[in-house]
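Both backbone and side-chain heavy atoms feed into the values below; hydrogens, waters and symmetry mates do not.
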Amino acid sequence: MLQVCRRHSKLWLALSLSPISQFSSLDQTRKPEPIRLTITKQAFTAQLQSCSSHPNQLKQIHALILTTGISIKNSLLTHLITTFIILGDVSYARKVFDEMHKPRVFLWNTIIKAYVKYQDFMEAAAVYRRMKRLGVRPDDFTYTFVVKACAQLPWAGWAVAAHAVKYGLEFVVEVRTELVIMCVKYGELGLADFLFGTMVERDLVAWNAFVAACVQSGHAAKALHLFRRMRVAGVEPDAVTVVSAFSACGQLGCLETGEEVDGVMRQCGIVCNVIVDNARLDMYVKCGSVDMAEALFEDMHQRNVISWSTMVLGYAINGESRKALDMFSRMQKRGVAPNHVTYLGVLSACSHAGLVNEGKSHFRRMVQAGDKNIQPKIEHYACMVDLLGRSGHLEEAYNFIRSMPIELDTGVWGALLGACAIHQNVELGQHVADLLFELAPANGSYHVLMSNMYAAAGRWDCVDKVRLKMRKGGVKKVAAYSSVEFNGKIHIFYGGNRLHPESSEIYEKLEDLLRQVKNIGYTPNITSVFHDVGTEEKEATLSHHSEKLAIAFSLLNLQPECPIRVVKNLRICDDCHSFCKFVSEATKRVIIMRDKIRFHHFRNGECSCNNFW
DNA sequence: TTAGGGTTAG
């Protein structure tokens, strides 16, 4: 069947069938006519290219090569390796690579890079280790991939950084950029600053990398600081920079800075594309500026599933459930296929509006669609628990959890605990909380939620038990804070804190405000207070909650026509919710408050959430 | 015979 010989430095393959596209039927029963094929290296490469999108045929060619026992030049194998990497079959590329005799360093780089591309960082690190063991000397390119891979693994990044220094490769601009990113990921911002500051050349990409790494690691304020610094340094931002900057503004809820970035974009003549538009859209949505998002969305030349999903989610978290669902059907009419994120928006819209049946039918559709892209994930199940529980169907929610076909996580039980808290079902809450204490003993929020439920029920002995449990287990409460953006600066307020330079004016204003709203019917809701203390003391604690301080600060500083925008790290309490409604009525101001989960738009004594959150 | 670093939705 197969004969191989070399003639005039050409490779001869005698094959049972030709052309190569028929290789896949090599083992068929039809009696083949022997055909001689002369294949030069160029022809062979051409053949490889001709079936470069058919991995099985390529594998057969490779098997054939191995059977012949002739030595194939590394350049051909390299071609095979790169083709398999493009096709996404890294393990086969690795197999070919492993069979090579002394591969050159660029091939080691190629394999490591491929593992990084397909996010198999452990394997990338393993290949690097083998490379080192075999004494292959890394080149200028090696550490860009190796650092990127190892930065994803705990500690490994530091070790390879030391190797890069040893070989004198830390000054290569690409390697240094990866090292800066790595330091940010590891939370070593000081070191990142040092490495960035001592770069030989800081090009646009290096700035973008630093800004983006900060945004992705939750250092949004630092990202915006860098964004401003790069302009001072005379580096003109591009589309990538503004995408990161918009993302940072969204995280922080800084509409003012978001507009500034928008201005910079125009000034620099940065051309909008769908990614930039989506980032801007997301910024408006996360700043509670639904009108701006709407206008931009209608104006967009190009939209993709992310644009639509952003709008659906945006409406949902801003309390405009009907618009979210309308947007969803409009999207489907346009023939845009929803993905699992779109459905998160749809389900949370239903949840926040108490649309139980509608939510159920959307969920059913996800399951029945049989589409891998929209099979419900654990987050969708948590949304359903939230939907059922929030609307008072606690038992159904519990049974739903019990019947779930996927592994349970704290999100699902957390949603049920939240529902128990809303409906004051202490018995079920206790049961769920016990499960959560086991699953996530270090998470203080479940302890606080349970303790608040006990407090609301007047069961102070149980409150004490939970608090004791927290103390013993070293569980910490997350300190609540509220922030307000004013004149390009973010002002942060903690409950009862007097660190702000305008503290005395703020507290004075707050006293004024409390008197004003009490006159029109506000009464402090003391069940929101954690401690078993006297009524007066409870009132004092309540009246200094961080959002109240933030509102007093805003009233002192903002122009009368400006809406008050507050961002909170936790959920708003009942008392502050009621307080905000009265303030919006008494002062005729719009208050837009973003809490951990969603927005509350207070206007004329009402809230967009309809007291359902 | 060639090999880089950045971005969007919960």
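Contact annotation: A/K286 does not reach the phosphate of B/dT8 (side-chain N/O to OP1 or OP2, under 4.0 Å).
Protein atom CZ of A/F145 is 15 Å distant from nucleotide atom P of B/dT2, rounded to whole Å. Summarising the geometry, the separation between CE on A/M331 and C1' on B/dA9 is reported as 10 Å, rounded to the nearest angstrom. Atom CG of A/D139 and atom C1' of B/dT1 are 14 Å apart (whole Å). Between the P atom of B/dA9 and the NE2 atom of A/H340 lies a distance of 12 Å, rounded to the nearest Å. The nearest whole Å value for the distance from the CD atom in A/Q302 to the P atom in B/dA9 is 17 Å.
Out of B/dG6, B/dA3, B/dT8, the shortest distance to the side chain of A/S247 is found at B/dT8. Distance from the side chain of A/L313 is smallest for B/dA9 among the nucleotides B/dG5, B/dA9, B/dT8.
For B/dG5, its base never sits under 3.5 Å from the side chain of A/N208 at any donor and acceptor pair. Residue A/N339 places a side-chain atom within donor-acceptor reach of the base of B/dA9, judged by atom type and a 3.5 Å distance cut-off alone. On a pure distance criterion of 3.5 Å, no polar donor-acceptor pair joins the side chain of A/R104 and the base of B/dT2.
In the model, A/Y143 has no side-chain atom that pairs as donor or acceptor with a side-chain atom of A/E170 under 3.5 Å.
Shown here is A/Y118, whose OH atom has more than 12 heavy atoms of other residues, nucleotides or ligands within 6.0 Å.
Centre separation under 5.5 Å together with a plane angle under 30° does not hold for the ring of A/F106 and the six-membered base ring of B/dA3, so they are not marked as stacked.
In this structure, the ring of A/Y381 has its center less than 6.0 angstrom from the ring center of A/F363.
Ring orientation note: the planes of A/Y92 and A/F84 are tilted relative to one another, at an angle of 30° to 60°.
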